[in-house]
Every structure is written in structure tokens, then in C-alpha cells.
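Working notes for the structure below.
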There are 2 protein chains.
Amino acid sequence: MRPTVHDIAAAAGVSLATVDRVLNQRPGVRLVTREKVEAAIRQIGYIRDVAAANLAKGRVYPLVFIVPTGDNSFMHGLRFEVHQATLRAGIERTDIRIIEVPPFDVPALAAALDTLQGHDIAGVALVATDAPEVSAAVDRLVSERIPVVTLVSDLTDSTRHHYAGIDNIAAGRTAARLLGRFLGGRQGDLTILAGSMLVRDHRERLQGFSAVMAEEFPKLRLLPVLEGRDDPELAQSLVSEALAESQDIIGVYSLGAGNRGLIAAVKAVRSTRELTVVVHELTQHTRAALQDGTIDAVLNQDAGHEVRSAVRVMKATADGQAVIADQERIRLDIFLKDNLP
Amino acid sequence: MRPTVHDIAAAAGVSLATVDRVLNQRPGVRLVTREKVEAAIRQIGYIRDVAAANLAKGRVYPLVFIVPTGDNSFMHGLRFEVHQATLRAGIERTDIRIIEVPPFDVPALAAALDTLQGHDIAGVALVATDAPEVSAAVDRLVSERIPVVTLVSDLTDSTRHHYAGIDNIAAGRTAARLLGRFLGGRQGDLTILAGSMLVRDHRERLQGFSAVMAEEFPKLRLLPVLEGRDDPELAQSLVSEALAESQDIIGVYSLGAGNRGLIAAVKAVRSTRELTVVVHELTQHTRAALQDGTIDAVLNQDAGHEVRSAVRVMKATADGQAVIADQERIRLDIFLKDNLP
DNA sequence: AAATTTTTGATTTACGTACATCAAAAATGG
DNA sequence: CCATTTTTGATGTACGTAAATCAAAAATTT
């Protein structure tokens with residue numbers, strides 16, 4: 001049987017009340033007594049029974065998720081997963097509120113963060129647009145001892161407690177190697193479709209992609225990045241235009257969302273030219289395109305994992321508890337047509 | 001506030017004791033009363049507070065992991081992860097026992113399973129060697145209402161409750177496509193190294209690999225499978241021999257363990273010939289080989305995830321509880337040198 | 001209708017922790 | 001050494017559920 005507070009009391013030769021004062025950092029304990037108790041805790045290897053403690057406290061964790069609006073499939077999926085998390089609220093003792101803000105809108109995001117100040121909140125998760133105003137707003141929350149987790153896209157120079165998302169530089173590098181090797185030594189141009197250079201994840205993917213291309217695939221030339229704002233229609237017109245302009249394009253890398261438009265553009269020219277295509281985010285559209293051969297590989301982050309991880313980290317941080325680091329590492333999924341889930 | 005047993009009692013117009021009898025399937029409740037209570041439970045949306053219930057029951061979950069001995073890195077890693085799980089035993093209310101059996105030894109595995117009969121066990125996880133004797137022994141445990149989970153390698157025609165491992169057919173297919181596309185239309189032979197055709201995961205990987213090769217890469221010819229018994233030294237001699245015998249070999253697929261030997265064999269001929277190599281299981285050896293270019297891709301299953309998933313599923317099954325299916329799906333990791341964790 | 005069995009209610013204790021209250025003891029100041 | 005402050009102990013209640021006991025009520029059998 002694992003030791004309880006009673007065992008600590010006995011081992012330290014003090015009363016239960018004193019043990020409680022030490023454990024919950026209540027005042028009124030002499031330093032020598034506190035140290036005696038802490039020594040006993042370490043010595044008998046006491047671990048607080050979090051379930052019992054939460055039961056006694058009647059604790060609930062009021063959490064806030066700030067997610068972008070926008071009708072691309074990825075954000076749709078992310079909002080769905082947050083919604084799923086609300087359905088588990090009862091059993092997880094969470095109370096999740098969802099705030100939607102326009103995508104890439106720095107003032108709106110900063111304002112949304114600032115409304116949370118002073119409230120009784122156990123954690124905030126946000127899809128960050130990487131701007132100093134946002135970092136500053138996050139820092140204000142952190143200084144109020146509110147756990148903050150960035151989701152999907154991280155912040156530069158921020159005091160946020162955790163980032164629940166993939167390593168986007170590695171993702172970009174991986175995309176480059178896949179595209180490069182799949183093209184097998186051919187020479188030609190590549191067109192790159194991003195959402196916005198305002199978000200760190202897109203910038204980092206591009207950075208990783210460019211680095212590997214430059215180092216290892218000198219025969220492939222990168223055309224200027226197209227910014228599709230994760231909007232399917234804009235993406236389609238940009239890509240169609242680029243493909244019409246240059247017949248040397250032999251590969252496409254889409255590092256953002258809005259791939260529905262990209263797929264339409266590629267399909268439109270498919271009968272006349274052969275393109276190797278690597279995109280991000282597995283959605284119903286990219287899945288179908290992977291299966292029918294329009295796309296060659298999909299890099300993915302599992303939004304469900306990210307949301308569940310964010311919840312676990314916020315709860316643990318709120319309690320000053322440790323997490324299984326390895327379990328919270330969000331992995332880059334690579335899907336070929338053969339290993340679709 | 002979520003409803004409690006008191007609320008059910010009030011809603012159903014019965015006493016707490018009766019609610020308890022219904023909830024815990026104790027005898028002495030008329031059918032009509034039971035139905036009244038069950039209706040109330042559904043109606044007010046009662047969900048049992050598992051933490052409180054476990055506290056009251058003082059429940060611990062005695063779990064058994066049966067893992068193969070053998071000194072290859074993968075099984076080492078797996079045993080390490082099970083050991084890590086034992087360290088979390090306190091907080092997870094588990095009591096994990098580890099039984100080691102010789103690899104690919106059907107009678108030993110069946111015997112180990114049979115010794116568990118009649119004991120008070122909340123769950124058994126085993127790395128299965130796929131044989132009727134093993135399935136039969138598993139079925140005996142299942143018929144005693146003991147939750148059984150296969151780990152890493154599954155059983156054919158078995159009543160086990162769950163399989164905590166990757167889809168190995170998909171893994172084999174993915175390996176084939178990677179190897180095929182990386183070879184970019186070249187013609188030549190491929191050598192395949194397996195551990196043993198006695199385990200289902202190896203058979204399935206081979207099956208998936210062969211299928212895609214036949215369908216989509218007709219220029220690549222598969223040489224007879226080498227069985228290295230997941231033993232590094234045997235693997236090395238088999239692969240060296242094969243490479244010496246045929247100069248047409250341009251690719252290698254290793255679908256089992258013991259890659260230390262394979263890597264040595266490939267390195268030995270590396271100066272004179274170019275090989276594209278895809279292997280399974282990320283270990284310190286395959287990681288280093290991926291980084292130095294000896295290997296082109298590593299397919300991996302995360303042993304830590306598998307073990308943690310197995311524990312969650314056994315506990316949930318023991319309690320007759322549901323799990324988040326998506327969370328328990330073990331994914332195939334694909335590592336290139338760029339996305340190593 | 002009485003005797004018997006089955007079903008239901010009322011109540012208590014326990015799990016491990018949190019938190020509050022009040023009294024007692026110890027330390028500190030003058 | 002007394003008065004004051006600080007520290008410690010003793011005790012009780014609560015969280016939501018499990019599990020047990022005993023009495024009371026209802027249903028069933030004879």
C-alpha cells in the first residue's frame with residue numbers, strides 16, 4: 001500500500017494538521033518542523049493521491065481555447081477536436097470555453113487574450129499568430145500565473161509554458177527530402193504555397209524546406225512563395241496562375257491549409273503534365289487526392305492529439321505537476337497512400 | 001455540477017442503497033425497480049466518478065506483461081518501457097509483473113499464459129508468437145474474463161480484447177512505396193531480411209511489401225527472404241552473403257529487428273556499391289545509420305505508446321469502460337534523417 | 001390470512017485528501 | 001516571569017462512491 005498523509009505524520013512525529021500545512025503550503029509552520037516533514041515525505045516516498053485530492057477540493061479546471069475561424073478543413077478539424085474535448089469535460093473535471101477569432105488577426109487575438117486577465121482560469125490554449133503584441137498579451141497572462149499553451153503554431157520570445165505542436169522546421173526539411181527523392185535527380189522548378197508568413201509554423205516549414213533543398217537538391221529551383229491565406233479559392237487561383245506561367249514546374253509543396261484549391265488546380269493540368277506534390281494536413285480532400293494519386297505524400301499533425309495534450313499539460317501545469325514529456329511530444333505523421341488511417 | 005448517486009436516487013424515487021445495487025449489479029432488485037433506476041441514470045446523464053469509485057474500492061490493477069528475451073535493441077526498448085510503466089504504478093494504481101520468455105518459443109509462451117489462470121489478474125499483455133497453442137491459451141484466459149491485449153504482434157483467430165500495435169500490412173506497403181520511389185525507376189534486385197515467419201507482424205509486413213512491389217514496381221525483383229531471427233550476428237552474415245552473391249542488389253528492406261548486423265553488412269560494401277535501405281524500428285543503431293546516410297528511412301512503432309496504450313486498455317476493459325479509440329490507435333512512424341525525435 | 005421470501009430503505013464506515021476551527025503548547029518579547 | 005505571539009495538535013466535515021448491516025415493507029407462497 002502506498003504511504004498516506006498519516007504515514008508522513010507518524011514518520012515525522014507531528015500531527016496530521018501540520019503535515020497538511022506543509023503539503024499545501026499553508027502558513028504557521030516553523031522552518032525546522034517544515035524540514036522535518038519534508039524529509040519524512042522524501043524518505044517514505046510519499047506521492048499525493050491526485051484523484052483523492054481533486055475529489056476533496058471539488059476541483060474543476062476552467063480552460064479556454066482560442067482558435068481561428070476560417071473555413072479550411074484543418075481548422076474545422078481542430079475546432080471539432082476541441083468540441084470533442086468539451087464532451088469529456090465531465091469525466092476530466094474540465095470546463096472548456098472556446099473563443100473564435102479571425103485568422104491572422106493580431107489585434108483581435110491580443111484583445112481576446114486580454115479579456116481573460118483577472119478571471120479564474122486554469123489554462124489558456126491558443127493558436128498563435130506570431131507577433132510581439134500577442135507575445136506581450138501571453139506574458140501578461142503568464143505573469144498572473146495562468147498556464148498558457150500554444151497550439152499548432154508557436155510564439156517567438158514568449159514565456160508560454162508549453163507548445164503543443166510539431167517541429168515545423170523538421171516538417172519542412174522532411175517535405176523537402178521526400179519531394180527531392182521522389183523526383184529522383186530530375187531538374188526543374190518547385191512552387192510553394194503557404195498560408196501566411198505571419199504565422200511561425202509556416203515560416204519555419206519554409207525555412208526547413210529551403211535549407212534541405214539548397215543543401216541536397218541543387219537541381220531543383222524554388223519559385224517565390226505564394227501566400228494563399230489558407231483560403232481554398234485564393235490558393236486555387238494562385239497555383240493555377242503559377243502553373244500556367246512556367247512549364248518547368250515539376251513539384252509542388254503546400255505548407256499551409258486550403259489544399260482543396262490546390263488540388264483542383266493540380267487536377268486541372270494533370271492530363272498534360274506530371275507533378276510531384278507534397279502537402280500538409282490530412283483532410284477529406286487531401287486524403288482523396290492521395291488515394292487517387294494527385295498527391296504523393298501528406299504531412300500531418302494530429303489535431304486530436306494536440307488538443308488532448310494541451311488539456312493534459314494545462315491541468316498538470318495548473319497543479320504544478322510533471323508530465324510524461326515523451327507522451328506530450330506531438331509527432332509529424334507522414335502519410336503515403338498505403339498507410340492512411 | 002455533475003449529477004451524483006444521490007441525484008439518481010431522488011430522480012428515481014428510490015434509496016441510495018438501491019441505486020448502489022443497480023450500479024454495481026448486486027442482487028436483490030426487482031426488474032421494474034432496476035429499470036426505473038436505469039431510466040433515471042440515462043435521463044439525468046449520470047456518469048460514475050471513476051476516481052471516487054476507485055478510491056472507495058481501493059482498487060489496484062494487477063497487470064502482467066509477457067515479453068520476449070533476446071538482446072536486440074527493440075525488445076530492449078520494449079522491456080525498458082514496461083519497466084517505466086512499473087515506476088508509474090503508484091499513481092496509476094497498477095501492479096505490473098513482467099514475465100520473460102524466449103523469443104519465438106511457442107510452448108514457453110503458452111505455458112507462461114497458463115500459469116496465470118485462476119489468479120486475480122486485471123489484465124495480460126503479451127508479445128504474441130502467432131500459433132494455435134498460443135491462441136488457445138489466450139482464449140482460456142479470456143473465458144476466465146481476464147482482459148488480454150496483444151502487444152506489437154497480433155494473434156490470428158483469437159478472442160483477445162485488443163491489439164496494441166501498428167498495422168503491419170500497411171507498414172510493409174509503405175516500406176515498398178518508399179523504397180520503390182526512392183529508387184526512381186531503376187531496375188534491380190531487392191533483398192529482404194526478416195526475423196521469423198512465425199510472428200504475424202513479420203509475415204504481414206512481407207505480405208504488404210510484396211503486394212505493392214508486384215503492383216507498382218515491376219522492375220524490382222524480390223530475392224528470397226532471409227530469416228535472421230532478430231539476431232544481429234546472424235543477420236550480418238546472411239546479408240553479407242546475399243550481397244556478395246548478387247551484384248544486382250540495389251535495395252534492402254529489413255522488416256524485423258537485429259539491424260545492428262544489417263548495418264554492419266551494408267557499411268562493409270558501402271564504398272563500392274550504392275544501396276537504398278529501409279528498415280524497421282528506431283534504435284540507437286538505426287538512428288546513427290539514418291544520420292550518416294547508411295539507411296534511407298526507418299519505419300517505427302513507439303514502444304512507449306504501445307505499453308501505455310496497453311495499460312489504459314487493460315484497465316478500461318477490466319472496468320468495462322470505453323476508451324478513446326483514436327487515442328489507442330498505434331501509428332506507424334516514418335523517420336527520415338530530418339525528422340528524428 | 002398467515003408464513004415465508006424477496007425487495008427496499010436507512011444508516012454507517014471507509015477510501016485519501018482538503019480545509020476549517022478551537023484549544024493547547026511552545027517560543028518570543030519585554 | 002508574565003504577557004503576547006506563533007506554532008502545533010485534535011477533531012470534524014466534506015468530496016462521490018463502495019460496501020456492509022439491520023430493519024421495514026412489499027411481494028409471494030401456502
Side-chain angles (χ1 to χ4, degrees), chain A residues 1-38 40-41 44-61 89-93 95 122 315 318-321, chain B residues 1-41 44-61 89-93 95 122 318-321:
Chain A
M1 234 29 213
R2 45 192 282 216
T4 73
V5 281
H6 294 84
D7 301 317
I8 306 177
V14 300
S15 74
L16 264 185
T18 302
V19 173
D20 179 67
R21 289 178 185 115
V22 173
L23 277 176
N24 296 293
Q25 302 163 90
R26 273 184 260 279
V29 184
R30 269 191 306 165
L31 185 63
V32 279
T33 314
R34 155 161 287 125
E35 280 169 349
K36 208 164 58 178
V37 173
E38 281 166 349
I41 290 176
I44 68 176
Y46 169 81
I47 304 166
R48 192 198 238 96
D49 184 328
V50 189
N54 282 343
L55 177 62
K57 276 193 282 209
R59 186 152 182 32
V60 290
Y61 300 82
I91 95 159
E92 291 182 342
R93 298 185 169 279
D95 175 17
K315 286 173 71 173
D319 290 341
Q321 281 246 314
Chain B
M1 233 34 217
R2 44 191 283 215
T4 73
V5 280
H6 294 84
D7 301 317
I8 306 177
V14 301
S15 75
L16 264 185
T18 301
V19 173
D20 180 66
R21 289 179 184 115
V22 173
L23 277 176
N24 296 292
Q25 302 164 84
R26 275 183 258 279
V29 185
R30 266 191 309 166
L31 185 62
V32 280
T33 315
R34 155 160 287 125
E35 281 168 350
K36 207 165 55 177
V37 173
E38 280 164 351
I41 290 175
I44 67 176
Y46 169 81
I47 304 165
R48 196 198 235 95
D49 184 329
V50 189
N54 282 343
L55 177 62
K57 276 193 282 207
R59 187 155 182 28
V60 291
Y61 300 82
I91 96 158
E92 292 181 344
R93 298 187 170 279
D95 175 17
D319 290 342
Q321 281 247 315

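The figures that follow rest on heavy atoms only: side chains count, while hydrogens, waters and symmetry mates do not. Within every chain, numbering begins at 1; the chains are lettered A, B, ... in the order of the sequence lines, protein sequences first and strands thereafter.
In this entry the distance linking CZ of A:R26 with P of D:dG9 reads 15 Å, nearest Å. Atom CG in B:D7 sits about 12 Å away from atom P in D:dC15, given to the nearest Å. One can place CD1 of B:I47 at 11 Å from P of D:dT17, the figure rounded to the nearest angstrom. Distance CD1 (B:I8) to P (C:dG9): 14 Å, rounded to an integer number of Å. When rounded to the nearest whole Å, the span between NE2 of A:H6 and P of C:dA18 equals 12 Å. Atom CG of B:D20 is separated from atom P of C:dT7 by 16 Å (rounded to the nearest Å). Rounded to an integer number of Å, the gap from B:K57 NZ to C:dG16 C1' is 16 Å. Rounded to whole Å, the distance from CZ on B:R2 to P on D:dT17 is 7 Å.
Between B:T18 and C:dG9 there is a side-chain N or O to OP1 or OP2 distance below 4.0 Å. Side-chain N/O atoms of B:R48 include one lying less than 4.0 angstrom from OP1 or OP2 on D:dA18. Neither OP1 nor OP2 of C:dA10 sits under 4.0 Å from any side-chain N or O of B:S15.
Which of D:dG9, D:dG16, D:dA27 sits closest to the side chain of B:R30 comes down to D:dA27. Between C:dA18, D:dT17, C:dT17, one nucleotide has an atom nearer to the side chain of A:Y46 than all others, and that is C:dT17. Considering only side-chain atoms of B:A56, the nucleotide from D:dT17, C:dG16, C:dA18 that sits closest is D:dT17. Listed nucleotides: C:dG16, D:dT17, C:dA18. Nearest to the side chain of B:L55: C:dG16. Minimum atom distance to the side chain of A:A17 is reached by D:dG9, of the listed C:dA18, D:dA18, D:dG9.
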- Message: Between B:D49 and B:R2, is the side-chain contact (heavy atoms from CB on, under 4.5 Å) condition met? List the steps.
- Response: CA-CA 9 Å; B:D49 184 329; B:R2 44 191 283 215; 4.0 Å; yes
- Report the C-alpha separation of B:R93 and B:L55 in whole Å, then their side-chain angles, then the decisive distance to 0.1 Å, and conclude whether the side-chain contact (heavy atoms from CB on, under 4.5 Å) test is met. CA-CA 10 Å; B:R93 298 187 170 279; B:L55 177 62; 4.2 Å; yes
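Side chain of B:D20 to backbone of B:L16: no donor-acceptor contact under 3.5 angstrom is found. For the pair A:K315 (side chain) and A:E92 (backbone), a donor-acceptor distance under 3.5 Å is present.
The cationic atom of B:R59 (NZ for Lys, CZ for Arg) lies less than 6.0 Å from the six-membered ring centre of B:Y61 and within 45° of the ring axis.
Note on A:G58: nothing from the nucleic acid sits closer than 4.0 angstrom, heavy atoms only.
Nearest-nucleotide positions on DNA chain D place A:V29 closer to the 5' end than the other of B:N24 and A:V29. When each of A:L16 and B:V14 is assigned the nucleotide of DNA chain C with its nearest heavy atom, B:V14 is the one assigned upstream, toward the 5' end. Nearest-nucleotide mapping onto DNA chain C: of B:R93 and B:R34, the residue sitting toward the 5' end is B:R34.
Checked against B:R48 for a side-chain contact (heavy atoms from CB on, under 4.5 Å), the options B:V5, B:D319, B:T4, B:L23 give a single hit: B:L23.
For C:dG9, its base sits under 3.5 Å from the side chain of B:R21 at one donor and acceptor pair at least.
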